[in-house]
Amino acid sequence: MTSTLPPQTAPASRSSAPGRLSGRVAVVTGGARNVGRSYAERLAADGAAVAVLDVEDAVETVDAITAQGGRAFSHRVDLTDPEAVEASVDAVTRALGPVGILVNNAGIYPPKPLAEITIDDWRHMFAVNVEGVFSALQAYSRGMKQARWGRIINITSNSTGLVIPGLAHYISSKMAVIGLTRAAATELAEFGITVNAVGPSLVRTPVKTNPDELFDAVPALQAITRAEVPEDLVGAISFLASEDASFVTGQTLWVDGGLLR
């Protein structure tokens with residue numbers, strides 16, 4: 001049977017929710033470019049002041065936000081250095097005020113066959129993808145506990161539910177993020193802090209990070225058979241950062257076009 005359905009295309013734009021996050025200060029790790037930059041810009045469009053933590057210079061993200069009348073701050077930090085992460089709290093607070101929203105987006109994704117993964121590869125993957133998330137969560141949740149309000153959003157991956165070779169260390173790290181999300185949700189709920197995870201599919205970004213052939217193979221497995229773009233994810237981040245998600249915690253929201261279904 002020949003399908004008569006029109007091709008699936010991404011909407012031309014996404015609507016923000018101006019004022020939804022007014023008065024809030026958000027931190028986005030890995031927000032200098034690609035998906036992290038989109039998260040930062042959406043939170044700013046919703047009214048939050050946004051600090052970008054990255055090993056790279058995030059001046060373009062900051063300029064994009066301030067050009068729209070928002071408040072933004074860039075702080076270079078190695079998330080694998082717990083002392084540097086702790087120091088970033090004071091820097092962000094001085095620049096923008098107490099942090100109430102944390103988006104743990106920074107991560108690495110170097111595929112490698114299982115037999116070729118060295119212990120150093122394994123440790124580096126976990127240092128960035130897990131320990132970096134833990135350090136930021138621990139450091140920034142202290143102020144949230146004092147304020148008795150907070151939103152922590154950790155970025156995982158739908159690869160945790162797939163059979164994909166060459167990603168043993170990556171999938172293991174992203175499973176650990178889900179476990180940390182659930183555990184932290186349990187311990188922080190009494191302080192008015194929610195902790196959730198968002199799991200994207202393969203995302204097509206302005207800066208190429210994956211082979212073109214993957215963007216033919218992966219979308220074909222999804223219910224929505226087009227490549228995911230950063231704009232597909234920002235609404236979920238905005239929701240989980242808001243008062244609308246005050247009774248949602250310990251969850252993983254799969255924003256992957258229905259690949260895991």
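Side chains included, hydrogens not; waters and symmetry mates left out as well; all remaining heavy atoms used.
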Any donor-acceptor pair under 3.5 Å from [X] side chain to [Y] backbone:
| X | Y | answer |
| --- | --- | --- |
| N196 | V248 | yes |
| T186 | R182 | yes |
| T156 | K174 | yes |
| Q222 | R226 | yes |
| S16 | D46 | no |
| R151 | S242 | yes |
| D63 | A67 | no |
| T249 | A185 | no |
| R24 | G100 | no |
| S238 | V234 | no |

Find the distance between [atom1] ([X]) and [atom2] ([Y]) and round it off to the nearest 0.5 Å.
| X | Y | atom1 | atom2 | answer |
| --- | --- | --- | --- | --- |
| S141 | L188 | OG | CG | 5.0 Å |
| S22 | R20 | OG | CZ | 11.5 Å |
| T29 | L53 | OG1 | CG | 7.0 Å |
| H75 | L96 | NE2 | CG | 12.0 Å |
| L21 | E243 | CG | CD | 9.5 Å |
| S157 | L162 | OG | CG | 7.5 Å |

Would you say the side chain of [Y] lies within less than 4.5 Å of the side chain of [X], judging by non-hydrogen atoms?
| X | Y | value |
| --- | --- | --- |
| V203 | N34 | no |
| V85 | L79 | yes |
| V195 | I153 | no |
| V35 | P200 | no |
| V50 | I65 | yes |
| P110 | H124 | no |
| L137 | N154 | yes |
| F134 | V130 | no |

Next on the checklist: Using the ring-ring contact (aromatic ring centres under 6.0 Å, His included) criterion, which residues pair with F73? Sequence neighbours excluded.
Outcome noted: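 Once residues adjacent in sequence are excluded, F73 has no partner under the ring-ring contact (aromatic ring centres under 6.0 Å, His included) criterion.
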Same hydrophobic cluster for [X] and [Y], using side-chain heavy-atom links shorter than 4.5 Å among ILVMFWY?
| X | Y | answer |
| --- | --- | --- |
| I193 | V133 | yes |
| V55 | V128 | no |
| L233 | I155 | yes |
| L253 | I152 | no |
| V25 | W149 | no |

Checklist entry - Run the side chain to side chain contact (heavy atoms under 4.5 Å, CB included) check on V28 and L43 step by step: do they pass? => result CA-CA 9 Å; V28 178; L43 294 176; 3.8 Å; yes
Next on the checklist: Looking at E187, I want to see if its CD is surrounded by more than 12 non-hydrogen atoms of other residues, nucleotides or ligands under 6.0 Å.
Outcome noted: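 Incorrect, the count does not exceed 12.
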Item to check | CD/E83: more than 12 non-hydrogen atoms of other groups inside 6.0 Å | outcome: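 No, CD of E83 has 12 or fewer neighbouring heavy atoms, counting only those of other groups under 6.0 Å.
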For a quick test of reading the model, state the closest non-hydrogen atom pair linking [X] to [Y] and the distance between them.
| X | Y | answer |
| --- | --- | --- |
| L102 | N104 | CD2-ND2, 3.5 Å |
| G30 | A106 | N-CB, 3.7 Å |
| A40 | V52 | CB-CG2, 4.2 Å |
| A236 | V255 | CB-CG2, 3.9 Å |
| M125 | I108 | SD-O, 3.6 Å |
| A64 | R37 | CB-NH2, 3.5 Å |

Item to check | Pairwise ring-ring contact (aromatic ring centres under 6.0 Å, His included) hits with a residue in residues 154-186, at least two apart | outcome: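 For residues 154-186, and leaving out neighbouring residues, the ring-ring contact (aromatic ring centres under 6.0 Å, His included) pairs sorted by first residue read Y109-Y170.
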Item to check | Pairs satisfying ring-ring contact (aromatic ring centres under 6.0 Å, His included), at least one member in residues 222-261, at least two apart | outcome: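 Qualifying pairs: none.
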Would you say [Y] and [X] are linked by a side-chain donor-acceptor pair, where the criterion is simply a distance under 3.5 Å?
| X | Y | answer |
| --- | --- | --- |
| E131 | T80 | no |
| D121 | T118 | yes |
| S173 | N129 | yes |

Next on the checklist: Run the side chain to side chain contact (heavy atoms under 4.5 Å, CB included) test on T194 and L240 for me, step by step, so that the C-alpha distance in whole Å, both residues' side-chain angles and the decisive distance to 0.1 Å come before the verdict.
Outcome noted: CA-CA 9 Å; T194 64; L240 291 174; over 6 Å; no
Item to check | Option among L259, T252, I164 that satisfies the side chain to side chain contact (heavy atoms under 4.5 Å, CB included) test with N158 | outcome: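 So the option named by the test is L259.
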Checklist entry - Checking salt bridge (charged side-chain N to carboxylate O under 4.0 Å, His left out) for the pair K145/E190: CA distance, chi angles, key distance, verdict? => result CA-CA 9 Å; K145 288 166 73 173; E190 66 176 293; over 6 Å; no
Checklist entry - Does the pair M144 and R148 meet the rule for a side chain to side chain contact (heavy atoms under 4.5 Å, CB included), with working shown? => result CA-CA 6 Å; M144 297 179 191; R148 302 197 70 81; over 6 Å; no
Checklist entry - Between E60 and R33, does at least one N-O distance fall below 4.0 Å, as a salt bridge requires? => result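 Salt bridge: no.
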Item to check | Pair Y140-I101, side chain to side chain contact (heavy atoms under 4.5 Å, CB included): steps then yes or no | outcome: CA-CA 9 Å; Y140 282 92; I101 299 165; over 6 Å; no
